[in-house]
Amino acid sequence: MLFLIAGLAMVMAAIAWAVLGVHALLLGSMPGQWLPRLVRQPRLWGAGALLMLVSWNLGSPSLLVVGIGIVALGHVAKPTR
């Protein structure tokens, strides 16, 4: 029973992460109140978030590391405006 609950929580977290990634990638903005203050480059962040999900589905740790790096760049890169 505990594994079922943990698995359901993982699936729900993955769906939420995918929704945030697609929203950031397509719209170029982050939803909510505190996420826009934390993320400087939403499109870059969204691409990294989706790459992390793809790496989880493929079982590729190298893609996961690249995705984490792109998400980190989305947090620290200055906007080009």
Side-chain angles (χ1 to χ4, degrees):
M1 183 69 179
L2 182 63
F3 289 115
L4 179 66
I5 294 171
L8 183 61
M10 289 285 289
V11 168
M12 290 175 57
I15 290 171
W17 193 254
V19 167
L20 282 175
V22 169
H23 185 279
L25 187 63
L26 294 180
L27 299 179
S29 65
M30 298 298 290
Q33 295 178 2
W34 57 273
L35 269 177
R37 286 185 273 150
L38 293 175
V39 178
R40 292 183 178 181
Q41 292 283 345
R43 291 184 195 265
L44 194 61
W45 188 94
L50 293 176
L51 189 61
M52 288 170 62
L53 283 176
V54 168
S55 73
W56 183 34
N57 287 336
L58 295 178
S60 173
S62 59
L63 276 180
L64 179 64
V65 170
V66 171
I68 290 171
I70 293 174
V71 166
L73 279 175
H75 280 283
V76 298
K78 292 184 179 178
T80 57
R81 292 183 189 159

Contacts of type side chain to side chain contact (heavy atoms under 4.5 Å, CB included), residue [X], not counting sequence neighbours:
{"X": "Val66", "answer": "Leu51, Ile70"}
{"X": "Val65", "answer": "none"}
{"X": "Leu26", "answer": "Val22"}
{"X": "Trp17", "answer": "Trp45, Ala49, Met52, Leu53"}

- Task: Work out which heavy atom in His75 is nearest to a heavy atom in Val39; give both atom names and the distance.
- Result: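 Looks like CE1-CG2, 3.6 Å.
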- Provide the closest heavy-atom pair for Gly28 versus Pro42 in the form atom of the first, atom of the second, distance.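 Minimum heavy-atom contact is O-CG, 3.4 Å.
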- Message: A side-chain contact here means heavy atoms from C-beta on lying under 4.5 Å apart; do Leu50 and Val54 qualify?
- Response: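 Side chain of Leu50 against side chain of Val54, heavy atoms only: no contact under 4.5 Å found.
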Determine all donor-acceptor pairs shorter than 3.5 Å in which one atom belongs to a side chain in residues 30-38; sequence neighbours excluded.
residue : atom : partner : partner atom : Å
Arg37   : NE   : Gln33   : O            : 3.3

- Hey, is the main chain of Lys78 close enough, under 3.5 Å, to the side chain of Gln41 for a donor-acceptor pair?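 Here the side-chain-to-backbone pair exists.
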- Between Leu63 and Leu44, is there a shared hydrophobic cluster once you connect ILVMFWY residues whose side-chain heavy atoms come closer than 4.5 Å?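 They do share one cluster, since a chain of ILVMFWY contacts under 4.5 Å joins Leu63 to Leu44.
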- Not counting sequence neighbours, which residues clear side-chain hydrogen bond (donor to acceptor under 3.5 Å, both in side chains) with Ser60? List them please.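 With sequence neighbours excluded, Ser60 shows a side-chain hydrogen bond (donor to acceptor under 3.5 Å, both in side chains) to Ser62, given in chain and number order.
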- Message: Can you list, by chain and residue number, the hydrophobic cluster partners of Phe3 when the side-chain cut-off is 4.5 Å?
- Response: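 Phe3 clusters with nothing; isolated.
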- Item | Cluster companions of Leu8 among Ile, Leu, Val, Met, Phe, Trp, Tyr (side-chain spacing under 4.5 Å) |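 Once heavy-atom contacts under 4.5 Å are chained together, Leu8 belongs with Met12.
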